Number of protein chains: 2
Amino acid sequence: MMTTGLTRTDVRGLLLEHGITPTKQRLEIAQILFARPQHLSAEQVLSRLNEERPKASKATIYNTLGLFAQKGLVRELIVDPTKIFYDSNTSDHHHFYNVDTGKLFDVPADSNMVVDNLPNLPDGTVAESVDIIFRIKNKSN
Amino acid sequence: MMTTGLTRTDVRGLLLEHGITPTKQRLEIAQILFARPQHLSAEQVLSRLNEERPKASKATIYNTLGLFAQKGLVRELIVDPTKIFYDSNTSDHHHFYNVDTGKLFDVPADSNMVVDNLPNLPDGTVAESVDIIFRIKNKSN
DNA sequence: GCAGGTTTTTTGAATTTGTCTATTTCTAAA
DNA sequence: TTTAGAAATAGACAAATTCAAAAAACCTGC
């Protein structure tokens, strides 16, 4: 299912499907996130949301992004030492992180990367996700 | 080369090999790090170092860990949203991160995990590292 | 040993991201 | 329309990290 490029009502449905009460603020935040596949920090969502007039408070942004992540609507990316990125694309994919610029990119889906011989997990644990991050830097010559 | 379980003079040599002036504080910090392969945050190094009496200031810890990472003596792990871990084992290996406990473990070297068909990197960039993180959680029954 | 320059360390303030708490506002259902 | 629970808000707070300025340590040539 494509969860980006959605209309206002699509977004409402998306929240409901995930058991999230669609409040005004949550819809505003979801609309920003699901406009297209992207990686946004909480602060980016905050400033984009309140560009013209205040639509939600800081606490609400943090609460909402946390809730969306927990309900599987977005994916938390821990990749930058200073902030969390939220990925509106929850399908299985990995990332390039440019340490020089702090920018984050998807590894294209058509790169047929495969991981073999996955290790056994420590006893009493289950996998939540497997993150592969290519830390890249600019060729400096 | 084994860079853990080192004597005081071994540690001095290790710093010199990496082009780092071996000051008193740096040696103290290195001795903690290279006592054994481990994952320590700056705050952990700080409190371990100054347990009995002050041996280095906070700023020095941060400066030094940053310097060690830059010189390739330790590896920075971005895996926990609230702090950086420094890994005294710089050999090629990956990690389990328990999201419930915040604890970090090595994927055992004898797990023969392989990654095939690595993607092409974005133009003008080179790889610095490839990090694979298994985010695990406790089996809750 | 000592002046002058460089490197390192220190202190403490500042910054940034994120969390918490108390209060107010909504919402949905009876 | 009352009312209980859920959600949102403002603003204080916390934790990790960075920064700037000053002090201390370390050279090096004399």
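So that the names make sense, note that chain A is the first sequence line, chain B the second, and so on, each numbered from 1. What you see is a predicted model, and the numbers here were worked out from it, not measured in a lab.
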Counting the atoms with a prime plus P, OP1 and OP2 as sugar-phosphate, which does [X] contact under 4.0 Å by heavy atoms, base, sugar-phosphate, or nothing?
{"X": "A:Lys24", "result": "nothing"}
{"X": "B:Ser57", "result": "base"}
{"X": "B:Thr23", "result": "sugar-phosphate"}
{"X": "B:Thr21", "result": "sugar-phosphate"}
{"X": "A:Thr82", "result": "sugar-phosphate"}

Once you round it to whole Å, what is the distance between [atom2] of [N] and [atom1] of [X]?
{"X": "A:Ile61", "N": "D:dA7", "atom1": "CD1", "atom2": "P", "answer": "16 Å"}
{"X": "A:Ile84", "N": "C:dG18", "atom1": "CD1", "atom2": "C1'", "answer": "8 Å"}
{"X": "A:Ile78", "N": "D:dA16", "atom1": "CD1", "atom2": "P", "answer": "15 Å"}
{"X": "B:Asp80", "N": "C:dT17", "atom1": "CG", "atom2": "P", "answer": "17 Å"}
{"X": "B:Lys55", "N": "D:dA25", "atom1": "NZ", "atom2": "P", "answer": "18 Å"}
{"X": "A:Lys71", "N": "D:dA7", "atom1": "NZ", "atom2": "P", "answer": "9 Å"}
{"X": "A:Leu46", "N": "D:dA10", "atom1": "CG", "atom2": "P", "answer": "11 Å"}
{"X": "A:Glu43", "N": "C:dT19", "atom1": "CD", "atom2": "C1'", "answer": "13 Å"}

Could you please name the option among [options] that lies closest to any side-chain atom of [X]?
{"X": "A:Arg26", "options": "D:dA7, C:dT10, C:dG18", "result": "D:dA7"}
{"X": "A:Lys83", "options": "C:dT10, D:dG11, C:dG18", "result": "C:dG18"}
{"X": "B:Thr64", "options": "C:dT11, C:dT9, D:dT9", "result": "C:dT9"}
{"X": "A:Gln25", "options": "D:dA16, C:dT10, D:dA8", "result": "D:dA8"}
{"X": "B:Asn63", "options": "D:dT9, C:dT9, C:dG18", "result": "C:dT9"}

Mark yes or no for whether B:Asp106, through its side chain, and B:Pro108, through its backbone, hold a donor-acceptor pair below 3.5 Å.
no
Should the side chain of A:Lys58 and the base of D:dG11 be counted as holding a donor-acceptor pair, with the cut-off at 3.5 Å?
no
Any chance the side chains of A:Glu128 and B:Tyr97 put a donor and an acceptor closer than 3.5 Å?
no
Could you tell me whether A:Arg75 and A:Asp131 make a salt bridge, using a distance below 4.0 angstrom between a side-chain N and a carboxylate O?
yes
Parallel, tilted or perpendicular: ring planes of A:His39 versus A:His95, cut at 30 and 60 degrees:
perpendicular
Determine whether B:Leu121 and B:Val130 fall in the same hydrophobic cluster, where Ile, Leu, Val, Met, Phe, Trp and Tyr are linked whenever their side-chain heavy atoms lie under 4.5 Å apart.
yes
Just to confirm, is there a sub-4.0 Å distance from OP1 or OP2 of D:dT18 to any side-chain nitrogen or oxygen of B:Tyr62?
no
